[in-house]
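First the structure, in the form of structure tokens, and then the observations on it.
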Number of protein chains: 2
Amino acid sequence: MSDKKFKVVICRDLGPDVMPILTSRKELDLTIWPHQTPCDRKWLLENIQGAAGVVVMLSDKVNDELLDAAGSSLKVVSTMSVGYEHVSLDALKNRNIKLGYTPDVLTDAVADIAVMLALMAGRNTKETMHIVDKGEWANHTWSPFSFCGPQLSTSSLPISPDFPRPSSATKVERTVGFLGFGRIAQATLARLVPFGVTKCIYSTNPSSTTKPSDRSVDDALAERIHLPKGSIYRVDQQMLAKESDVLFVLAPGGPATYHVIDEDFLKRMKKTAILINPSRGTLVDSDALAKALKEQWIWAAGLDVVEGEPNVAADHPLVQEPRCVILPHIGSATFETRLGMATLAAQNVVAGILGAQMPTELVLSDK
Amino acid sequence: MSDKKFKVVICRDLGPDVMPILTSRKELDLTIWPHQTPCDRKWLLENIQGAAGVVVMLSDKVNDELLDAAGSSLKVVSTMSVGYEHVSLDALKNRNIKLGYTPDVLTDAVADIAVMLALMAGRNTKETMHIVDKGEWANHTWSPFSFCGPQLSTSSLPISPDFPRPSSATKVERTVGFLGFGRIAQATLARLVPFGVTKCIYSTNPSSTTKPSDRSVDDALAERIHLPKGSIYRVDQQMLAKESDVLFVLAPGGPATYHVIDEDFLKRMKKTAILINPSRGTLVDSDALAKALKEQWIWAAGLDVVEGEPNVAADHPLVQEPRCVILPHIGSATFETRLGMATLAAQNVVAGILGAQMPTELVLSDK
């Protein structure tokens with residue numbers, strides 16, 4: 001009998017919708033971490049021995065220690081994440097082990113949360129929800145401008161020509177800015193068009209900006225999402241800070257973007273501006289942002305990520321700011337998206353072991 | 001000297017951007033409630049005597065008592081609100097007094113909050129914000145489906161054809177439903193199109209549904225907001241309950257719509273459905289909704305209004321529900337919109353007194 005099975009270690013139960021992708025494969029012999037907590041390191045090191053594949057989460061470090069424990073049988077590591085900060089790419093490359101990850105499937109869920117945070121930050125939801133939840137609604141008497149913030153939509157105020165329009169009501173332009181202009185940024189922009197966005201400016205990481213802005217690419221995007229020609233264009237970071245009504249930070253983490261939003265950047269922003277970070281906490285200097293909010297350099301902020309998370313205490317300077325909405329990194333937390341990520345993670349490991357093309361392989365370059 | 005001035009009573013300071021519309025008019029003699037609280041009734045009854053016009057807020061009852069106190073000089077009442085539950089229309093009509101109100105200018109602000117609430121309810125923001133604000137982020141270990149909710153966007157999951165797609169990941173349709181389909185509902189729908197909405201169904205109050213659905217009107221709207229022809233159509237309330245992934249209640253209050261969302265309606269809804277009410281609290285039976293959330297007939301709710309507001313205590317059954325996001329009626333609370341409302345309120349009173357056309361007069365019919 002030559003039907004030797006391939007051992008696969010699964011660091012987390014992927015749920016009844018996804019597990020059949022693995023359990024239905026007669027070629028596989030599965031070892032599954034049995035608890036609803038992050039996989040225990042000792043258990044993993046013991047069980048990975050002789051495995052051909054492993055499905056890991058962000059919390060599982062993939063390094064020499066793990067790969068040595070697996071031995072030469074290991075062909076593929078599949079992570080259920082779009083990021084791979086927890087994976088030593090060199091260690092994989094040296095051993096000729098393939099890496100699967102789960103890009104793209106998060107785009108919709110993260111773009112949704114980017115728009116949601118932009119609305120929440122502008123509309124004082126942290127303060128107002130708190131008032132209701134504490135039963136204090138009745139203590140707040142209405143006044144013409146109570147709880148007001150800057151409106152995301154452009155105002156379509158119909159003023160009679162017989163009367164002068166108050167200067168502050170004439171603002172019918174909205175510029176959204178993007179630091180980083182990849183797939184999630186573009187999906188976020190598309191969602192904002194019917195809110196009346198009139199202009200989109202973006203800036204990419206200086207280190208990756210070797211090629212100049214391509215007008216035809218920007219205009220093609222504008223046409224696709226129903227914005228006028230010429231309304232999307234690249235600017236430098238100073239202009240991005242200065243002109244954005246809402247600024248979305250949607251760039252990768254890591255040393256190249258560390259604290260790219262700092263005091264200098266925040267000081268250049270509009271007093272009515274809103275800063276949204278749904279990408280990585282390291283891009284924003286938390287102390288500088290807390291100062292900017294306290295001293296009202298900008299209007300508000302919405303964060304799904306904070307540097308040093310999840311160690312963010314109740315007395316963290318950003319938690320203390322009433323106009324700083326913070327969510328605990330739930331950008332991809334929808335059933336549809338997590339199912340998509342888990343499905344890709346399962347498919348990647350199956351394909352990698354059986355020699356088929358992996359749906360989403362991170363090709364490890366020589367550089 | 002025949003330059004007798006018209007007395008105008010202003011029940012609330014409308015702020016430095018709007019007050020000049022009134023103060024710059026030499027024909028007017030202004031009496032302004034001097035505090036940042038609702039206008040005192042006794043003060044108002046004393047000061048309105050001999051007035052030609054009055055600017056009121058939602059909190060100021062306009063009834064026979066007030067109009068008798070004013071006397072026959074009163075020509076116009078101008079309310080800074082789109083609703084006029086606080087105004088006795090008959091009393092005005094009997095005296096031939098004009099009424100100004102502030103419709104339309106709220107459309108954008110309320111549509112923004114409708115979309116925001118739909119996202120917030122689906123993405124568990126009440127629970128997750130609370131975790132961060134209490135400093136408990138570090139206590140919540142990640143798991144593949146923690147904090148997940150149904151995704152507003154349609155999933156654009158790129159699945160390799162070599163692999164079966166898990167059944168739950170194939171949902172690429174989203175039906176939004178509207179109870180009431182006026183200007184705010186349509187502005188809300190327009191905003192949701194780039195989220196991937198595929199179908200819009202709506203139902204209007206039976207009492208106002210004398211004319212049948214007009215396909216050409218629905219199709220013209222669909223074309224304007226980039227939805228396919230035939231994707232917007234009227235249904236009955238049973239179908240509306242059954243088919244909506246997100247249901248927006250955007251209809252007027254009053255007896256005709258009292259508790260239109262009741263147990264029977266909620267029981268017909270999808271288990272993954274989200275109910276959003278940014279209009280009037282009386283449309284939704286709070287006890288029925290609390291039961292629906294507790295027993296998971298539906299997924300979540302987002303409310304900007306609650307019956308009996310602002311008397312909503314911390315132990316209110318809806319405040320107690322973790323998946324019920326509640327805001328303290330801030331739908332129109334943006335600077336742009338409130339400036340627009342205050343501007344119209346000031347313009348209406350000026351025009352009404354001077355005999356010009358009021359920008360937004362509520363014409364009091366004979367019925």
Side-chain angles (χ1 to χ4, degrees), chain A residues 12 14 17-18 36-38 104-105 108-109 112 116 119-120 128 131-135 137-138 141 143-145 147-153 155-158 160 163 166 168-169 190-191 193-195 310-314 319 326-328 330 333-340 342-343 347 359, chain B residues 12 14 17-18 36-38 104-105 108-109 112 116 119-120 128 131-135 137-138 141 143-145 147-153 155-158 160 163 166 168-169 190-191 193-195 310-314 319 326-328 330 333-340 342-343 347 359:
Chain A
R12 207 67 179 266
L14 300 176
D17 287 305
V18 176
Q36 295 301 319
T37 53
D104 303 340
V105 290
D108 281 336
D112 282 6
M116 182 182 91
L119 288 161
M120 289 177 72
T128 52
I131 284 168
V132 174
D133 291 342
K134 285 177 65 178
W137 189 348
T141 54
S143 79
F145 296 99
F147 303 130
C148 279
Q151 186 167 301
L152 183 60
S153 294
S155 172
S156 50
L157 189 62
S160 149
F163 292 90
S168 354
R191 282 160 173 73
V193 171
F195 286 82
N311 297 307
V312 177
V319 175
I326 311 179
L327 298 174
I330 56 166
T334 68
F335 290 115
E336 288 83 349
T337 289
R338 291 283 172 84
L339 272 174
T343 300
Q347 292 176 344
Chain B
R12 206 67 178 267
L14 300 177
D17 287 303
V18 177
Q36 295 302 317
T37 53
D104 301 341
V105 290
D108 281 335
D112 282 6
M116 183 182 89
L119 287 161
M120 288 177 72
T128 53
I131 285 170
V132 174
D133 290 343
K134 285 179 62 178
W137 190 345
T141 54
S143 78
F145 297 99
F147 302 130
C148 279
Q151 185 168 301
L152 183 60
S153 295
S155 171
S156 51
L157 187 62
S160 149
F163 291 91
S168 356
R191 282 159 172 74
V193 173
F195 286 82
N311 297 307
V312 177
V319 175
I326 311 179
L327 298 173
I330 57 167
T334 68
F335 290 115
E336 287 83 350
T337 289
R338 290 283 172 84
L339 272 173
T343 299
Q347 293 176 343

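Labels below follow one simple rule: chain letters A, B, ... track the order of the sequence lines, proteins then strands, and each chain is numbered from 1.
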| Exam field: side chain A:Glu336 to backbone B:Gln151, donor-acceptor pair closer than 3.5 Å | yes
| said: Test side-chain contact (heavy atoms from CB on, under 4.5 Å) on A:Val132 and B:Leu327; report intermediate values, then the result. | reply: CA-CA 7 Å; A:Val132 174; B:Leu327 298 173; 5.7 Å; no
| query | Who wins among B:Val193, B:Asp133, B:Asn311, B:Leu152 for the most heavy-atom pairs under 4.5 Å with chain A? | reply | B:Asp133
| request: Could you look at B:Arg191 and say if it's the side chain, the backbone, both or neither that has a heavy atom under 4.5 Å from chain A? | output: both
| message | So which residue, A:Cys148, A:Ala190, A:Gly135, A:Pro144, ends up with the most heavy-atom pairs under 4.5 Å with chain B? | response | A:Cys148
| query | For B:Arg338, what residues pass the salt bridge (charged side-chain N to carboxylate O under 4.0 Å, His left out) criterion, not counting sequence neighbours? | reply | none
| Atom pair CZ (A:Phe145) and OG1 (B:Thr337), whose distance is rounded to the nearest 0.5 Å | 10.5 Å
| query | What part of A:Ala109 gets closer than 4.5 Å to chain B, counting heavy atoms only: side chain, backbone, both or neither? | reply | both
| message | Just so I know, are the side chains of A:Ile326 and B:Trp137 near enough to count as touching, which here means a heavy-atom distance under 4.5 Å? | response | yes
| When rounded to the nearest 0.5 angstrom, what distance separates OG1 in B:Thr128 from CD1 in A:Ile330? | 4.0 Å
| field | Spacing of CE belonging to A:Met116 relative to CG belonging to B:Leu119, to within rounding of 0.5 Å | value | 6.5 Å
| task | Check side-chain contact (heavy atoms from CB on, under 4.5 Å) between A:Thr141 and all other residues, then give those that pass, not counting sequence neighbours. | result | B:Pro38
| query | Looking at B:Ala138, B:Ala313, B:Ala333, B:Ala342, which has the largest count of heavy-atom pairs under 4.5 Å with chain A? | reply | B:Ala333
| Hey, which of A:Ala314, A:Pro328, A:Pro194, A:Ser143 has the most heavy atom pairs under 4.5 Å with chain B? | A:Pro328
